[in-house]
Amino acid sequence: MSLKKKKVFVAMSGGVDSSVAALLLKELAYEVVGVHMKCWSEEDNNIDCPALKDEEDARLSAQALGIPFYVWDFEKEYREKVYQYF
C-alpha cells in the first residue's frame with residue numbers, strides 16, 4: 001500500500017479563509033502548495049485594487065505555513081475574458 005501524500009493546490013488570495021484552508025489541509029497530512037492568481041497589475045491606476053499587497057500577504061502566509069508558493073499570471077486572460085466582457 002502506498003503511503004504517498006496527496007498533493008493539493010490551494011488558491012491563496014491573501015486573505016484569512018484561503019490561509020486557514022491551507023493550514024487545515026496541511027494538518028490533515030496533505031502536501032499543500034499555495035498558488036496566487038495574478039489577475040491585475042498595480043500599474044492600472046484607474047482602479048483601487050491592491051494586487052501587490054494581496055500577493056505579498058499570500059506569500060507571507062505560505063511562508064508561515066512552510067509550504068511552497070507560486071504566482072500564476074492570468075492577467076491577460078482576466079482582462080480579455082472578464083474585464084473587457086463586462
CG of Leu24 to OH of Tyr30, rounded to nearest 0.5 Å, is 11.5 Å
Between atom CG of Leu52 and atom NZ of Lys38, what is the distance when rounded to the nearest 0.5 Å?
7.5 Å
Out of curiosity, does Tyr85 fall in the hydrophobic cluster containing Tyr78 (side-chain heavy atoms, cut-off under 4.5 Å, transitive links)?
yes
Atom CD of residue position Glu77 - does it have more than 12 heavy atoms of other residues, nucleotides or ligands inside 6.0 Å?
yes
Roughly how far, to the nearest 0.5 Å, is CZ of Phe69 from CD of Glu55?
6.0 Å
Consider only side-chain heavy atoms of I, L, V, M, F, W and Y, link residues closer than 4.5 Å, and tell whether Leu23 and Val10 are in one cluster.
yes
Rounded distance [0.5 Å steps], CD1 in Ile67 versus CZ in Phe9:
11.0 Å
Starting from Met37, can I reach Tyr83 by hopping between I/L/V/M/F/W/Y residues whose side chains sit under 4.5 Å apart?
no
Please report the closest heavy-atom contact between Gly14 and Ser18, naming both atoms and the distance.
N-OG, 4.1 Å
Non-hydrogen atoms of Pro68 and Ala62 that approach each other most closely:
O-CB, 4.5 Å
I'd like to know if the side chain of His36 reaches the main chain of Met12, judged simply by a donor and an acceptor atom lying under 3.5 Å from each other, with no hydrogens or angles considered.
yes
If I take atom NZ from residue Lys26 and atom CG from residue Leu28, how far apart are they, to the nearest 0.5 angstrom?
12.5 Å
Set of salt bridge (Lys or Arg N to Asp or Glu O under 4.0 Å) partners for Glu80, sequence neighbours left out:
Lys76
Taking all heavy atoms of Ser19 and all of Leu65, pick out the closest pair and write down the distance.
O-CD1, 3.8 Å
